[in-house]
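To start, the structure itself, in structure tokens.
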Amino acid sequence: MSSQVNGYEGCRVVDMRSDTFTLPSQGMKEAMMAAPLGDDVFQEDPTVIELQNKMATLLEKEAALFVPTGTMGNLICVLNHCRSRGSEVILGNLSHVHIYEQGGISQLGGVHPRTLQNLPDGTFSLEELRKAVRKDDVHMPITELVCIENTHNVAGGRVLPLEWLDQLGSTCRELGLPLHMDGARLMNAAAAMQVPPARIVRDCASVSVCLSKGLGAPVGSVIVGSQEFITKARRLRKVLGGGMRQAGIIAAAGIYALDHVAPTLQRDHAHIKAIAQAVSDLGSKAIFVNLEGVHTNILMLECDLNVLSPTQLCERMGQITDEETERHR
Amino acid sequence: MLLLWRTTSHRLNLFVFHFEIICLNKGKLNHRTMSRGVCISRTLRSWNCTMGYFGAHHYKWYHPPPPLQVGHKGLTVDLRSDTITKPTEGMKKAMMEALLGDDVYREDPTVTELERRMSELAGKEAALFVPSGTMGNLVSVLGHCEQRGSEALLGDQAHIFLYEQAGMAQLGGVQPHIIPTRADGTFDSQEIYDRMRDEDVHCPRSALVCIENTHNVCGGKVLPCHWIDEVGSVAHSLGLPLHMDGARLLNAVIASGISADRILQACDSASVCFSKGLGTPVGSVIVGTEEFIQKALRLRKVLGGGMRQAGMLAAAAIYSLDNMVNRLADDHRNAFVLAQAICDTESTNVTCVPEDVHTNIVIVNLRSGSISPEEFCARLALVSEEEAKTLGEEIVIKILPWTATSVRFVTHHDVLCDGIQATVAKLKYVIKEIDSQRK
């Protein structure tokens, strides 16, 4: 991408703000245009049905539902699990659901969040989890759900360890609580771990997976769960305003993404690792990287605030100086 | 396959089970089960059982003919709704070529262009693209009703009240307060004064008035412009904003010849659908002031409507504004043709008032005690041998039951001219069949 930046013509712009900026490829667009369509509110769109079946099969769950965004996917799942008045969900304090979804679960659903301290690797203490579960007491809300996020965005795109997932799964089973995974970047986790995504979500009652991030579809996410869960989820999707009509035209992009883009995610991881390595090799005293924490397609650089702030670093990266261009020649 | 089982209880303490099996399988009826159902009904009748009270949906006077297995040459005319419209080739091309960006960051140029076009068309400051009309209305209601304990005034036949799963209450804590709707889709504006709440600790706070144009349940009626102005004036005099559910606003524009911005003059916000008669696959746009749309942006996000490269969908909407608006007149004409054809049969069992057809929706009334809406819909969806011979083709018509005594037809661009002719032919045949059974 070439454009004019602070006076320099023909610049190359590399947009790494997010993987949500991905544009559909020509092949993806062709698949979209060729897709057979119907009215998905009547459940008559064959392409939406195909995507849902594909996702359910991939994650080894009974059913799936196409939704316009990951935010709606998570919201539907939380509201679907937390049905009692006065319910509570246990989740990490740095989870996307808690920080970046506008408090939707509370704002719209009356669900109370009970946060646990997220550890740097995106997990939390299972002991803390046990302590956080509410007793049957008139003072207390009712714990109805545990939520996790994989890969963990704020933790730097980290993949949750399988052993921890398995332990968490058995703890939740013991406590009689369902487990929901915000799997916005689940496919990145699967690619990084070289493990089938179904294995990662084995103990999850529901999962929300984004198609519009690294997978490159223009719009959409899919939630998976039991047949009963998805049937109820459809109602929630409708009331929230997610009942789209010929949604197959965007679901087709999702199908293409699963077939053609998912297998290439490791390339994104390799790119990020190359950048991380390069920064690390500089041995800078102002900008730091934790190489161990770079698992997938997200890189966090820490700034020494005595030298510069993150905002300043972003601004500088977005500019071009004479000296810089001199060096390049 | 959809199976409907009904029971009626016998007046004379004889418990008579009357099974009527209606199987709908993509417009094709299963011959075996249908004829079994008919046999059972006839058998029960031959026992001379006195039928006592019947549920609202089953009269049993009408006996459908045995169905034919419809071949692939059969013509299916789907008049259930204009939401089933598919994107045209030209529309798809526009979608493919659209410039895209991340709309959550407000960087999708095609979405921005659509919003600019719509705000201009509607004569409002700003606009916002949303995935559905339901979200458009919900965002608007929640945007206007910000305080805890708010109340919204709206017609008792409004789509927002009947068919949006009580979203304003369920998600937003807003109480709806209904006003009786008149047959033309309006309500008495005096009722707004009567229902306006006092500032009183017992009362919720009136925060909004909503209207719907065209009015769906009332049969696609176009609201009179002067009435909209009147409601706006009353609402504003009470300090209340006015929101229009304009899902089919462009139908109102074409039918009335009045521009969208004139129609919306008194409205503070409106939600307009593109996925209905305008034929796009997905989406609606809401319009309002800059300040309102900024609030709407936040509401859209929390509801989960913040899509990414939504420009692909917005491109379809822009295409429809340029190519699909004027042709709505064809849909209106087709609806009128259907209504007139029904009226021309002079049936007393199946009736329609062509003058009541303003746009692309036709409500057909069924005489109470003759045939139920479900039976009528089922009959139109099946083809009998005699019918196929008489009409010279196998025609399947899909419509929706509407009220306890009516059905709804909706015309749209996926129904071609021959589809309307076929529908007329079949309607005449079926109505004649009903009339011959039930004089």
Side-chain angles (χ1 to χ4, degrees), chain A residues 15 17-18 20-24 26 29-30 32-34 36-42 44-45 67-76 79 100-104 107-110 210-213 216-221 235-250 253, chain B residues 26 78 80-81 83-87 89 92-93 95-97 99-105 107-108 130-139 142 163-167 170-173 273 275-276 279-284 298-313 316:
Chain A
D15 195 340
R17 285 175 293 171
S18 179
T20 58
F21 286 83
T22 48
L23 298 176
Q26 188 62 25
K29 286 195 207 180
E30 278 163 19
M32 292 171 76
M33 296 308 129
L37 304 173
D39 187 327
D40 189 47
V41 171
F42 291 134
E44 291 177 4
D45 188 303
V67 292
T69 66
T71 296
M72 192 183 283
N74 285 328
L75 183 57
I76 289 173
L79 299 195
Y100 298 119
E101 297 185 12
Q102 227 193 95
Q107 190 184 154
L108 302 166
C210 284
L211 301 166
S212 60
K213 295 188 168 69
V219 169
S221 289
R235 275 186 69 81
L236 282 160
R237 183 185 73 170
K238 191 78 177 75
V239 72
L240 288 166
M244 300 181 285
R245 298 293 174 176
Q246 288 71 37
I249 205 160
I250 37 184
Chain B
K26 290 188 179 142
D78 196 339
R80 285 175 298 166
S81 180
T83 58
I84 64 157
T85 48
K86 298 201 177 109
E89 286 310 312
K92 286 196 206 179
K93 186 160 175 289
M95 293 174 76
M96 281 275 268
E97 292 168 1
L99 293 174
L100 305 173
D102 187 325
D103 188 46
V104 171
Y105 287 81
E107 290 180 10
D108 187 303
V130 290
S132 68
T134 296
M135 193 182 283
N137 285 327
L138 183 57
V139 164
L142 299 194
Y163 301 122
E164 296 184 13
Q165 225 194 99
Q170 190 183 158
L171 302 165
C273 285
S275 60
K276 295 186 168 73
T280 74
V282 170
S284 291
R298 279 186 66 81
L299 285 160
R300 182 185 77 168
K301 190 79 177 76
V302 73
L303 289 166
M307 299 181 287
R308 299 291 173 178
Q309 285 71 38
M312 287 196 87
L313 303 171

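Sequence lines set the chain letters: A, B, ... in the order given, protein chains first and strands last, and positions in each chain run from 1.
- Of the atoms belonging to A:Glu44, it is side-chain heavy atoms, and not backbone ones, that fall under 4.5 Å from chain B.
- The candidate from A:Gln107, A:Met32, A:Lys238 with the greatest count of non-hydrogen atom pairs under 4.5 Å with chain B is A:Gln107.
- With a threshold of 4.5 angstrom between heavy atoms, A:Ile250 approaches chain B through side-chain atoms but not through N, CA, C or O.
- Looking at B:Ser284, there are no atoms closer than 4.5 Å to chain A (heavy atoms on both sides), in backbone or side chain.
- Among all heavy-atom pairs drawn from A:Ser212 and B:Arg308, the shortest one is OG-CG, 3.8 Å.
- Heavy atoms of B:Met312 lying under 4.5 Å from chain A belong exclusively to its side chain.
- Contact annotation for B:Arg80: only side-chain heavy atoms (C-beta onward) come within less than 4.5 Å of a heavy atom of chain A.
- Among all heavy-atom pairs drawn from A:Phe21 and B:Glu107, the shortest one is CE2-OE1, 3.3 Å.
- With hydrogens and angles ignored, the 3.5 Å screen pairs a side-chain donor or acceptor of A:Gln246 with a backbone N or O of B:Thr83.
- With a 4.5 angstrom heavy-atom cutoff, B:Leu100 touches chain A via backbone and side-chain atoms both.
- In this structure, chain B has heavy atoms under 4.5 Å from both the backbone and the side chain of A:Arg235.
- Looking at B:Glu89, there are no atoms closer than 4.5 Å to chain A (heavy atoms on both sides), in backbone or side chain.
- In terms of non-hydrogen atom pairs under 4.5 Å with chain A, the most contact-rich of B:Lys86, B:Met307, B:Arg298 is B:Arg298.
- Contact tally against chain B (heavy-atom pairs below 4.5 Å) for A:Gly104, A:Ala247, A:Pro68: the top residue is A:Pro68.
- Summarising the geometry, atom CG belonging to B:Asp102 is positioned 9.5 Å from atom CG belonging to A:Leu23; distances are rounded to the nearest 0.5 Å.
- In terms of heavy-atom proximity, A:Thr69 sits nearest to B:Gly306 at CG2-O, 3.2 Å.
- Ranking A:Leu108, A:Val219, A:Asp45 against chain B, the residue ahead of the rest is A:Leu108, based on heavy-atom pairs under 4.5 Å.
- Contacts between B:Gln170 and chain A at a heavy-atom distance below 4.5 Å involve backbone atoms as well as side-chain atoms.
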How far apart are the C-alpha atoms of A:Glu30 and B:Met96, what are their side-chain angles, what is the distance that settles it, and do they pass the side chain to side chain contact (heavy atoms under 4.5 Å, CB included) test?
CA-CA 8 Å; A:Glu30 278 163 19; B:Met96 281 275 268; 4.1 Å; yes
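- Under the side chain to side chain contact (heavy atoms under 4.5 Å, CB included) rule, B:Leu171 has a single partner from A:Leu236, A:Leu240, A:Leu75, which is A:Leu240.
- Only the side chain of A:Ile249 has a heavy atom closer than 4.5 Å to any heavy atom of chain B.
- The contact between A:Glu101 and chain B is made entirely by backbone atoms, counting heavy-atom distances below 4.5 Å.
- For CZ of A:Phe42, the number of neighbouring non-hydrogen atoms (other residues, nucleotides, ligands) closer than 6.0 Å is greater than 12.
- With values rounded to the nearest 0.5 angstrom, A:Asp39 atom CG is found 9.0 Å from B:Asp78 atom CG.
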